[in-house]
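Structure, as structure tokens:
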Number of protein chains: 2
Amino acid sequence: MRKIPTSQIENPSPAIAQKQEQILQGAIRVFLQEGYARTSMDRVSAEAGVSKQTIYSHFQDKEGLFKALIERLTIACFQSIFCIEKLQGDPAILLRQVAKIYLTKVADNPDYLALLRLIIAESQNFPELAKLYTQTVVQRGRQILSQYFASHPELGISDPEAMAHIFFGSLVSYIIVQEMLYGKELISLSRDRLVDSLMNLVISQSKNIQ
Amino acid sequence: MRKIPTSQIENPSPAIAQKQEQILQGAIRVFLQEGYARTSMDRVSAEAGVSKQTIYSHFQDKEGLFKALIERLTIACFQSIFCIEKLQGDPAILLRQVAKIYLTKVADNPDYLALLRLIIAESQNFPELAKLYTQTVVQRGRQILSQYFASHPELGISDPEAMAHIFFGSLVSYIIVQEMLYGKELISLSRDRLVDSLMNLVISQSKNIQ
DNA sequence: GTCTATACTAAGATAGAC
DNA sequence: GTCTATCTTAGTATAGAC
């Protein structure tokens, strides 16, 4: 079995896969909590319950471990949010459901909240990870919404892509400001109020073309 | 003249003020570029053109320097955006103008873009700075918009606070996704298209009550 | 393949000269 | 008040035993 330098894992034996899993689980806890620079490999090895050298035998270096871990988390985050691929049904119910899913899956999951923070924090140093996140999570979300808007002309949305950005972006900024930047300690704006207003906006568009 | 341990500066002599200024200017460049943990005091001293000990005579430690610097930048960012206090005039023109000002001042200013990234990155380690930013920049922006919406009932906005969050939040998320997370490399969504759609939303609300 | 022990480097902070 | 030189700790990465 050859050494595995990057996150590209090809047919690893069960034993190796299990060790890697163990390392990644420990590393996730530390990196998400402390950020990249503050995380020490000593701390990771302690958290994962393996020696430092074992980590270096599975991953090239600190950067390699970090990249593998962020890639995995990003995919997991995507799968968690977009469990339903096709959007169908009454807009009023469906869009509300979409908003609820995203807010619940990300805002209420400390890991995915920390992932978003970490992606932003390291966007300069790891642009490829930021792009992966944008592509996988944000872009996909906007695309699905955009397609939904476009396939429902009765909504009267002239620019579905822009509307998708506004809809999804409002949710993203809600999470960042209210949950990360302590906005909810300064003004309480419940999720229901946000979603209600978002719904009103989408619905009111349609009334103008009737 | 007593030593100045924190960012609270009280009547410093011109010479001292000038040195502090010199240190802060150098520190700003390094911290905004590298982030907190990656920034070394050696690098700051080199960038500022003073010795390390001079920094430590003006600021308690790395944390103290960082806090002073972020506080100053946050205030400057606020003043840059909210040069106009009172919002008046035709909604269609004025709201468009507000959006343009925010997008221009933050997205096109690498310092304020980096400030936002740094605030998010260090929101766990420096919650007081995150709160200051939210309070000073975000909250103020939402408040002004909210008051404007509330004082213009002809717009037919049922929840001005929520609408202000959606309006301002769409701009914030646009900056984060498009400018920081390389969104504009994946899909181009021009500022004009975003602002146009935002305007349509606000205007279409009013049509429903006529 | 995994562990213990260690080399090497860098960074925060301070001592002491001027 | 400012500089040079230094102390001390901590962190990445590796060498060598089992």
Side-chain angles (χ1 to χ4, degrees), chain A residues 1-7 9-27 29-31 33-70 122 125-126, chain B residues 1-7 9-27 29-31 33-70 122 125-126:
Chain A
M1 205 63 193
R2 68 178 186 84
K3 204 175 161 189
I4 298 154
T6 71
S7 60
I9 303 161
E10 30 181 294
N11 304 328
S13 77
I16 288 181
Q18 195 242 331
K19 268 284 182 222
Q20 277 211 353
E21 191 56 36
Q22 191 180 338
I23 294 168
L24 282 172
Q25 286 306 319
R29 285 195 294 275
V30 185
F31 276 107
Q33 178 66 36
E34 306 288 338
Y36 180 80
R38 272 182 242 255
T39 292
S40 76
M41 296 298 267
D42 281 305
R43 176 81 190 283
V44 172
S45 77
E47 197 76 23
V50 299
S51 78
K52 235 183 345 180
Q53 182 65 350
T54 303
I55 300 176
Y56 280 99
S57 73
H58 284 271
F59 299 91
Q60 198 174 26
D61 52 14
K62 190 182 173 182
E63 278 197 23
L65 174 61
F66 183 66
K67 286 178 187 171
L69 171 163
I70 294 292
E122 297 297 328
N125 301 99
F126 299 93
Chain B
M1 204 64 194
R2 71 176 185 80
K3 202 174 160 191
I4 297 154
T6 72
S7 60
I9 303 160
E10 27 179 297
N11 305 327
S13 77
I16 289 180
Q18 195 241 330
K19 267 284 182 222
Q20 278 212 352
E21 191 55 37
Q22 191 181 337
I23 294 168
L24 282 172
Q25 287 307 319
R29 286 194 293 276
V30 186
F31 276 108
Q33 178 66 36
E34 306 287 338
Y36 180 80
R38 270 182 242 255
T39 292
S40 75
M41 295 299 267
D42 281 305
R43 174 83 190 281
V44 171
S45 76
E47 197 77 23
V50 299
S51 76
K52 223 166 23 161
Q53 182 64 355
T54 303
I55 300 176
Y56 279 99
S57 72
H58 283 273
F59 299 92
Q60 201 174 23
D61 53 13
K62 189 182 175 184
E63 278 198 22
L65 173 60
F66 183 66
K67 286 178 187 171
L69 173 162
I70 294 293
E122 295 297 329
N125 301 100
F126 298 93

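When reading the values below, keep in mind they use all heavy atoms of this one structure, side chains included, and skip hydrogens, waters and symmetry mates. Reminder, nothing fancy here: chain letters follow the sequence lines and each chain counts from 1.
- Nucleic acid contact for Thr39(A): sugar-phosphate only, since backbone atoms but no base atoms lie under 4.0 Å from a heavy atom of the residue.
- Between the NZ atom of Lys62(A) and the C1' atom of dA10(D) there is a distance of 12 Å, given to the nearest Å.
- Side-chain proximity of Asp61(A) to the nucleotides dT4(D), dA13(D), dG12(C) is greatest for dA13(D).
- Side-chain proximity of Ser51(A) to the nucleotides dG11(D), dA11(C), dT4(C) is greatest for dT4(C).
- At least one donor-acceptor pair under 3.5 Å links the side chain of Thr39(B) to the backbone N or O of Gly35(B).
- Side-chain atoms of Tyr36(B) and Phe126(B), non-hydrogen and from C-beta on, do get closer than 4.5 Å to each other.
- At whole-Å resolution of the value, CD1 in Ile23(A) and P in dG1(C) are 12 Å apart.
- Taking only side-chain atoms of Asp42(A), from C-beta outward, the nucleotide of dG16(D), dG12(C), dT12(D) with the closest atom is dT12(D).
- Atom pair Gln60(A):CD and dT12(D):P shows a separation of 16 Å (rounding to whole Å applied).
- Nucleotide dC7(D) holds its C1' atom 17 Å from the CE atom of Met41(B), rounded to whole Å.
- One interatomic measurement links the two molecules: CD of Gln18(A) to P of dG1(C), which rounds to 14 Å at whole-angstrom precision.
- The side chain of Ser40(A) sits closest to dT12(D) out of dT12(D), dA11(C), dT2(D).
- The distance from atom CD1 of Ile55(B) to atom C1' of dA11(C) is 13 Å, rounded to the nearest whole Å.
- Between the CG atom in Leu65(B) and the CD atom in Gln20(B) there is a gap of 9.5 Å [rounded to 0.5 Å].
- In terms of heavy atoms, Glu47(A) sits closest to Gly26(A) at CG-O, 3.7 Å.
- Within the 4.0 Å cut-off from OP1 or OP2 of dG1(C), not a single side-chain nitrogen or oxygen of His58(A) is found.
- Counting any heavy atom pair closer than 4.0 Å across all strands shown, Lys52(A) reaches a base atom.
- Considering only side-chain N and O atoms, Thr54(B) lies nowhere under 4.0 angstrom from the phosphate OP1 or OP2 of dT2(D).
- In this structure, CZ of Phe31(B) is placed 8 Å from P of dG12(C), rounded to the nearest angstrom.
- Considering CZ of Arg29(B) and CG of Leu69(B), their distance stands at 11.0 Å, rounded to 0.5 Å.
- Set against dT4(C), dA13(C), dG16(C), the side chain of Gln53(B) has dG16(C) as its closest nucleotide.
- To the nearest angstrom, C1' of dT14(D) lies 9 Å from OH of Tyr56(A).
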